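The shown structure was predicted, so the numbers you read here are calculated from the model rather than taken from an experiment. Residue indices begin at 1 and follow the sequence shown.
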Amino acid sequence: MPPKLKPIRPKRISDQVFDQLRELIFRGEFKAGEKILTERELAEAFGVSRTSVRDAINKLVVMGLLDQKQGQGTFVRSPESKEKSLLATMVESQDASIADLLEVRMGLECNAAAMAASRAVEKDFQFMEKSIEEMQKEVKSGRLGTEADASFHMAIAYATNNPLQVFIMKNFYDFLFTGIKVNLEGLYKIPGNIDTILEQHTRIYQAIRGGDPDAAFRAMKQHIDFVYDFFEGQGS
């Protein structure tokens, strides 16, 4: 018996709008707490109906990525305002340390870097470059550069072309940069650490750009080892 095939259906316009808006949020192009464009403005920008935009926004609200405030507009929801994530609940219930989290991150991100080296396209490279440049600007302005740091790692997650990797890493970084923000700030405030992290990001990017999975894996491992060693030295 021949296999049962399902007819191919074109993707709904509202789903395409949803995909683009979600990517902008996950990549950090729309930042936490930021007000996004109005329905009318988004409809004009996408060249679609306001109904399609409204459907996409409603879906993002249900997912907890956007907040609609009466009379004010639609905002990117901050991780702090969300209900406790499954990751946060698991970390607390297992009494997990930052070292435990970094060991998990080692497996996820070293493999992600290797996959990205094989799968990344020009758009991915541009996002990685932009994140490195933004981190440099933030540091020069006296800020910590944590948002740009997270954006860099999210760019790598997107470059794997694996939607599950993207979703897992988004939740991971929301927790790392919100749930244990105080601990992370200690890493960034030590003189020289940010310069080291920027150099490591650049090496990771170069390996991915060069299409070398082994070098990308090693560069990411060196980066996470550096962060791991810092927290081990702090007794975390």
Side-chain angles (χ1 to χ4, degrees), residues 19-37 60 63-66 75-82 85 87 101-102 105-106 108-113 115-117 119-181 183-185 187-189 193-209 216 219-220 223-224 226-227:
D19 287 343
Q20 285 202 50
L21 290 176
R22 181 180 59 178
E23 180 172 349
L24 289 168
I25 294 168
F26 275 12
R27 286 191 184 275
E29 294 292 292
F30 285 166
K31 301 190 184 302
E34 180 180 334
K35 181 179 179 180
I36 68 169
L37 300 174
L60 290 163
M63 285 182 66
L65 295 176
L66 290 178
F75 296 80
V76 179
R77 198 169 186 186
S78 299
E80 296 95 328
S81 67
K82 298 179 184 178
S85 69
L87 177 61
L101 285 167
L102 289 171
R105 186 181 163 195
M106 181 78 75
L108 285 170
E109 294 209 67
C110 290
N111 286 322
M115 285 189 289
R119 302 175 184 177
V121 296
E122 187 59 36
K123 179 182 179 182
D124 298 312
F125 299 139
Q126 290 172 1
F127 273 107
M128 290 178 212
E129 291 168 2
K130 182 180 178 183
S131 297
I132 291 172
E133 290 170 2
E134 284 185 353
M135 192 170 177
Q136 290 170 333
K137 289 177 183 175
E138 286 182 19
V139 171
K140 286 180 181 177
S141 300
R143 297 188 296 274
L144 295 179
T146 53
E147 286 188 2
D149 190 345
S151 293
F152 176 76
H153 289 277
M154 285 305 301
I156 293 172
Y158 264 98
T160 67
N161 201 28
N162 182 324
L164 189 56
Q165 180 82 24
V166 174
F167 182 77
I168 290 172
M169 289 315 303
K170 171 61 177 171
N171 281 275
F172 215 90
Y173 273 93
D174 276 355
F175 179 68
L176 281 176
F177 286 102
T178 303
I180 52 176
K181 184 176 181 180
N183 301 75
L184 282 175
E185 286 182 352
L187 168 68
Y188 287 87
K189 287 179 177 178
N193 277 2
I194 290 184
D195 290 336
T196 300
I197 290 169
L198 276 166
E199 289 171 7
Q200 291 168 348
H201 280 195
T202 301
R203 282 197 292 272
I204 295 165
Y205 162 72
Q206 289 171 341
I208 293 173
R209 180 101 205 189
M220 182 62 80
H223 172 52
I224 298 175
F226 171 77
V227 179

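Scored by the side-chain hydrogen bond (donor to acceptor under 3.5 Å, both in side chains) test, R209 finds E122, E129, Y205 as partners (sequence neighbours excluded). Applying the side-chain hydrogen bond (donor to acceptor under 3.5 Å, both in side chains) criterion to Y158, with sequence neighbours excluded, gives no partner residue.
If you take OG on S131 and CG on L198, they are separated by 11.0 Å, rounding to the nearest 0.5 Å. Rounding to the nearest 0.5 Å places CD1 of I208 at 9.0 Å from CG of D124. Note that CG of L60 is 10.5 Å distant from CZ of F30, once rounded to the nearest 0.5 Å. Distance check, rounded to the nearest 0.5 Å: CD of Q136 to OG1 of T202 gives 6.5 Å. Summarising the geometry, atom CD belonging to E23 is positioned 7.5 Å from atom CD belonging to Q20; distances are rounded to the nearest 0.5 Å.
Here the closest heavy-atom approach between residue I224 and residue R105 is recorded as CD1-O, 3.8 Å. Taking all atoms of both residues into account, the shortest heavy-atom contact from E29 to E34 is O-OE1, 4.1 Å. Considering all non-hydrogen atoms of both residues, F172 and L101 come closest at CZ-O, 3.5 Å. Between M220 and E109, the shortest heavy-atom distance links the atoms CG-O, 3.5 Å. Closest non-hydrogen pair, A117 versus A216, comes out as CB-CB, 4.1 Å. In plain terms, the two heavy atoms of G33 and F75 that are nearest each other are O-CD2, 3.6 Å.
Contact of the F226 side chain with the Q200 side chain is registered, since non-hydrogen atoms from C-beta on lie closer than 4.5 Å. Side-chain contact between I194 and D149 is absent, with no heavy-atom pair separated by less than 4.5 Å. At a threshold of 4.5 Å between non-hydrogen side-chain atoms, the residues V76 and L66 count as touching.
Listed for the Q165 side chain is a donor-acceptor partner under 3.5 Å among the backbone atoms of L108. Side chain of R119 to main chain of T160: a donor-acceptor pair is present (N/O by atom type, distance under 3.5 Å, no hydrogens or angles).
Using a 30° and 60° split on the angle between ring planes, H153 and H201 fall in the perpendicular class, above 60°.
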